[in-house]
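Inspection log for the structure reproduced underneath, given as structure tokens.
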Amino acid sequence: MLTLHVAEASPESAVLVDGATLAALGPYEELAAAHPTARVRRWPGILTPGLLNPYGPEILESTYHPDPREADTFGTAPIGGERARELFRAEPARLGASARRGVQRLFAHGTVAIAGELRAKAVLEVAQRSGLVFAARPEGLPGPVSLSPRPLVLLPALSAGGPARFAVFDVADRAELVRRGASTCVATVIGGRLVYRGR
């Protein structure tokens with residue numbers, strides 16, 4: 001089934017998704033006229049190729065992402081440093097489950113690619129199954145480890161025939177995205193699947 005994604009602030013950059021592939025890109029009106037039976041998903045903001053987060057190992061292997069059921073014990077914010085290492089040493093099985101929740105946090109920030117070498121088998125399997133793309137780590141890493149690192153690293157432009165992988169941010173333009181950061185994400189699509197949708 002064809003799905004046409006369009007964002008309010010960038011109607012000239014709509015995308016037509018066919019399974020896991022970008023079948024076409026262009027102005028919404030043109031794509032809608034050419035494919036009248038396509039399901040339409042409308043989003044606020046702008047549609048982008050998605051973000052690269054250069055801190056894959058730090059976020060997925062060195063940070064504990066608490067299960068919501070553990071909120072009374074650990075809270076809901078990611079836990080890093082020695083405390084995370086203690087939790088993983090005490091219960092190694094936590095690593096894979098934490099990585100799954102970490103991937104969901106990355107999706108919620110428009111991340112479609114990560115950089116850095118994942119060494120833990122359980123984490124690598126989670127990342128591979130999620131559809132995240134693995135990229136080379138930039139030489140000069142931006143500031144501290146973050147789900148919304150600065151500067152943001154946008155992936156290259158989308159192209160027809162390429163993978164259906166992109167993110168939508170509720171901002172007026174890229175300048176506002178840079179200013180407000182990746183927490184403005186409202187949708188992330190990987191392999192044609194909507195892997196994150198903001199409430």
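Worth saying up front: this structure is predicted, and the values here are computed from it rather than measured.
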Looking only at non-hydrogen atoms, find the nearest pair between [X] and [Y] and report the distance.
| X | Y | value |
| --- | --- | --- |
| Ala7 | Pro44 | CB-O, 4.2 Å |
| Leu147 | Leu106 | CD2-CD2, 3.7 Å |
| Val189 | Ala164 | CG1-O, 3.6 Å |
| Leu52 | Ala115 | CD1-N, 3.8 Å |
| Arg180 | Asp170 | NH1-O, 3.4 Å |
| Leu60 | Gly102 | CD2-C, 3.7 Å |

Side chain proximity check, [X] to [Y], heavy atoms < 4.5 angstrom:
| X | Y | value |
| --- | --- | --- |
| Pro144 | Arg150 | no |
| Pro11 | Pro27 | no |
| Val103 | Leu132 | yes |
| Gln128 | Phe134 | yes |
| Leu16 | His35 | yes |
| Arg101 | Asp67 | yes |
| Pro138 | Pro54 | yes |

[Y] backbone acceptor or donor facing [X] side chain under 3.5 Å:
| X | Y | result |
| --- | --- | --- |
| Glu8 | Arg42 | no |
| Thr48 | Ala167 | yes |
| Glu176 | Ala172 | yes |
| His65 | Ile59 | yes |
| Asn53 | Ser146 | yes |
| Ser98 | Leu95 | no |

His109/Tyr196 aromatic ring centres below 6.0 Å: no

Within 6.0 angstrom of Arg197 CZ, more than 12 heavy atoms from elsewhere: no

Exceeds 12 heavy-atom contacts within 6.0 angstrom, atom CZ of Arg119: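 12 or below, so no.
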
Derivation of the salt bridge (charged side-chain N to carboxylate O under 4.0 Å, His left out) call for Arg85 and Glu91: CA-CA 10 Å; Arg85 288 189 287 275; Glu91 199 174 332; over 6 Å; no

Short side-chain donor-acceptor distance under 3.5 Å, Tyr64 and Arg94: yes

